[in-house]
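Here is the structure we will look at, set down as structure tokens.
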Amino acid sequence: MRMSADLRDLFLYEAFLYYNPLLLVTTMVWLWGINLWVFSRSNINYAKIFDLDQNHLTHREIWKCATWMTIVVPTSMTAYLYLYSNGEVSLAASQPVLLYFAVVMLLIFPFDIFYFSSRYYLLRALWRIVLPFQAITFPDFFLADILTSMAKVFSDIERSVCRMVHRQVATIAWFEADSVCGSHSVAIPLVLVLPYLFRFFQCLRQYRDIGERSALLNALKYSTAVPVIFLSALKYHVLPESWTNFYRPLWLLSSVLNSLYSFYWDVARDWDFSSFARMFKFNKSHLYSHLLHGRTWVYFWVIGSNLILRCTWTYKLSAHLRNNYLTVFTIAALEIFRRFQWIFFRVENEWNKINSRPNMQVSMNDPSDDEVKLLSSSAGGYNV
């Protein structure tokens with residue numbers, strides 16, 4: 001089928017909508033495998049930190065999963081483009097539907113195949129994040145923090161599923177202003193804000209359990225993302241003059257506040273870089289200083305890049321770039337890379353805390369019963 005240049009751009013935009021979130025998830029899985037590989041090389045017992053059983057996935061098994069994802073997702077996307085370009089519209093429309101259905105079934109498949117224990121560990125953690133009715137543990141808020149970096153993934157999944165439910169796949173109806181799944185949909189900001197709300201309520205639960213003031217300050221940090229998302233969404237629901245003169249300045253102010261607050265929390269609290277001595281004198285065992293022989297440029301890089309990427313990610317939460325899919329994908333991928341860097345220092349900080357606890361001998365062996373009880377009694381007391 002021959003298309004005009006404008007129609008072809010719209011078609012590619014629609015195709016990218018279905019596959020962009022799964023490509024980003026694939027990227028995250030590859031990077032998570034690298035995280036685990038570095039931890040194993042650095043003698044950091046991540047299984048103990050995340051309370052994993054002896055059948056947990058190693059970095060090699062994570063990479064095996066990522067390899068299959070790298071094969072399946074682009075293959076489905078290629079089939080969609082090929083079938084549509086040859087006039088097989090119904091067959092093309094079935095490709096993303098089948099792929100999303102297969103992903104869901106693979107996650108919830110109730111039989112002991114394809115890493116059953118790991119799949120249900122993930123599902124249980126997600127359930128605890130959505131309904132924080134129990135004490136918050138380190139794996140709970142660690143995963144919830146990662147989900148905030150994937151808010152764009154969830155937003156695109158919602159839009160894709162919306163199109164599938166309303167039988168709009170392999171059409172360009174989505175680009176019409178009044179489309180139910182289009183840019184004016186109120187579901188977009190609602191889905192974007194959900195990961196931040198989950199983390200917000202986790203912090204409130206943590207404050208209730210342990211009474212630390214830092215938990216309230218952390219909750220305040222996540223609450224600053226809410227005005228960024230909803231003020232930006234007003235662009236599609238107010239007059240252009242109102243947006244330019246009133247709502248846009250408010251959005252800019254809330255964006256700056258969220259970016260700087262989040263950056264401060266990353267450096268001073270999540271990583272515990274509270275002083276230059278902590279950063280550059282290496283008076284403790286550090287993951288990156290161990291691997292790179294104490295080179296201070298690593299810390300300059302991770303702090304500087306974190307600040308820049310915090311600002312760009314906050315901008316992505318806005319509505320302004322919603323129709324520029326390549327820019328959106330690039331910024332979302334950079335946020336996943338920022339989170340990949342963040343994981344190294346966050347896990348290292350937690351490992352240092354575990355090692356500093358009295359009367360605990362940390363090793364790569366399975367913990368004793370006494371150690372398990374001690375960890376369980378202090379699980380709610382982590383400073384995030």
Verify same cluster id: Leu12, Tyr80 (apolar side-chain graph, 4.5 Å): yes
Beyond-backbone contact of Tyr264 with Leu260, side-chain heavy atoms, under 4.5 angstrom: no
Side chain Ser42, main chain Ile44, donor-acceptor under 3.5 Å: no
Neighbour count >12 (heavy atoms, 6.0 Å) for atom OH, Tyr82: no
Listed partners of Val226 passing side-chain contact (heavy atoms from CB on, under 4.5 Å), at least two apart: Val193, Leu197, Phe230
With sequence neighbours excluded, residues passing side-chain contact (heavy atoms from CB on, under 4.5 Å) with Ile113: Phe109
Leu220 vs Tyr261 side-chain heavy atoms within contact, under 4.5 Å: yes
Phe138 vs Phe50, ring pair (Phe, Tyr, Trp, His ring centres under 6.0 Å): CA-CA, chis, key distance, verdict: CA-CA 7 Å; Phe138 180 78; Phe50 294 110; 5.6 Å; yes
Working for side-chain hydrogen bond (donor to acceptor under 3.5 Å, both in side chains), residues Arg205 and Gln202: CA-CA 5 Å; Arg205 174 61 195 245; Gln202 278 187 335; over 6 Å; no
Side chain to side chain contact (heavy atoms under 4.5 Å, CB included) between Val347 and Phe142, intermediate numbers included: CA-CA 9 Å; Val347 172; Phe142 180 86; 3.8 Å; yes
Exercise: identify the closest heavy-atom pair between Phe198 and Ile129: CB-CG2, 3.7 Å
Path from Val25 to Leu107 over hydrophobic side-chain contacts below 4.5 Å: yes
By side-chain contact (heavy atoms from CB on, under 4.5 Å) - contacts of Ser117 (at least two apart): Asp53, Asn55
Leu307 and Ile303, any side-chain heavy atoms less than 4.5 Å apart: no
Minimum side-chain heavy-atom gap Tyr46-His56 below 4.5 Å: yes
hydrophobic_cluster_shared for Ile308 and Trp265, side chain cutoff 4.5 Å: no
Mutual orientation of the aromatic rings belonging to Trp63 and His59 [parallel < 30°, tilted 30-60°, perpendicular > 60°]: perpendicular
Side chain to side chain, Asp51 and Thr137, heavy atoms closer than 4.5 Å: no
Heavy-atom closest pair, residues Ser155 and Ile188: OG-CG2, 3.6 Å
Ring geometry between Phe39 and Trp32 (parallel below 30°, tilted from 30 to 60°, perpendicular above 60°): perpendicular
Pair Ile157-Val153, side chain to side chain contact (heavy atoms under 4.5 Å, CB included): steps then yes or no: CA-CA 6 Å; Ile157 289 176; Val153 170; 3.9 Å; yes
Where Leu36 and Ile62 come nearest, the two heavy atoms and their spacing: CD1-CG1, 3.9 Å
Between CG on residue Leu22 and OG on residue Ser160, distance to nearest 0.5 Å: 8.0 Å
Parallel, tilted or perpendicular: rings of Phe337 and Phe340 (30°, 60°): tilted
Considering all heavy atoms, the nearest Tyr100-Leu17 contact: OH-O, 4.4 Å
Salt bridge (charged side-chain N to carboxylate O under 4.0 Å, His left out) partners for Arg128, two or more places apart: Asp140
Steps toward side-chain hydrogen bond (donor to acceptor under 3.5 Å, both in side chains) verdict (Asn20, Tyr13): CA-CA 10 Å; Asn20 148 65; Tyr13 183 12; over 6 Å; no
Rounded distance (nearest 0.5 Å) linking atom CG of Asn349 with atom CG of Asp272: 5.0 Å
Cluster check Met164, Val89: I/L/V/M/F/W/Y, side chain < 4.5 angstrom: yes
Cationic tip of Arg339 above Trp342 ring, under 6.0 Å, 45° of axis: yes
Spacing of His237 atom NE2 and Ser242 atom OG [to the nearest 0.5 Å]: 14.0 Å
Inter-residue atom distance Leu143.CG - Tyr121.OH, 0.5 Å rounding: 8.5 Å
Residues, nucleotides or ligands: over 12 heavy atoms within 6.0 Å of Tyr207 OH: no
Counterpart residues, side-chain hydrogen bond (donor to acceptor under 3.5 Å, both in side chains), relative to Thr330 (two or more places apart): none
Student check: side-chain heavy atoms of Lys235 and Val238 closer than 4.5 Å: no
Set of side-chain contact (heavy atoms from CB on, under 4.5 Å) partners for Ser94, sequence neighbours left out: Leu98
Which atom of Phe345 lies closest to which atom of Val302, heavy atoms considered: CE1-CG2, 3.5 Å
Phe101 CZ: over 12 foreign heavy atoms closer than 6.0 Å: no
Backbone of Val169 reached by a side-chain donor or acceptor of Glu14 within 3.5 Å: no
Considering only distance and modelled atom types, tabulate donor-acceptor pairs under 3.5 Å from the side chains of residues 68-75, sequence neighbours left out.
from  : atom 1 : to    : atom 2 : distance (Å)
Thr70 : OG1    : Trp30 : NE1    : 2.8
Thr70 : OG1    : Ala66 : O      : 2.7
Thr75 : OG1    : Ile71 : O      : 2.6

Residue list, side-chain hydrogen bond (donor to acceptor under 3.5 Å, both in side chains) with Thr27, at least two apart or on another chain: none
For Arg338, all residues meeting side-chain hydrogen bond (donor to acceptor under 3.5 Å, both in side chains), sequence neighbours excluded: Asp266, Asn306, Glu335
Nearest atoms (heavy-atom pairs only) where Tyr196 meets Ala225: CD2-CB, 3.6 Å
ring-ring contact (aromatic ring centres under 6.0 Å, His included) partners of Phe329, counting only residues at least two apart: Phe16
Inter- and intrachain pairs under disulfide bond (SG atoms under 2.5 Å apart), touching residues 119-167, at least two apart: Cys162-Cys181
Within-4.5 Å side-chain heavy-atom neighbours: Phe154 and Leu194: no
Partners meeting disulfide bond (SG atoms under 2.5 Å apart) with Cys65 (sequence neighbours left out): none
Gap between atom CD1 of Ile136 and atom SG of Cys203 - 0.5 Å precision: 9.0 Å
Pairwise side-chain contact, Gln95 with Tyr18, heavy-atom cut-off 4.5 Å (strictly under): no
Atom pair CG (Asn218) and CG (Leu204), whose distance is rounded to the nearest 0.5 Å: 10.0 Å
Connected via hydrophobic side-chain network under 4.5 Å: Leu122 and Ile146: yes
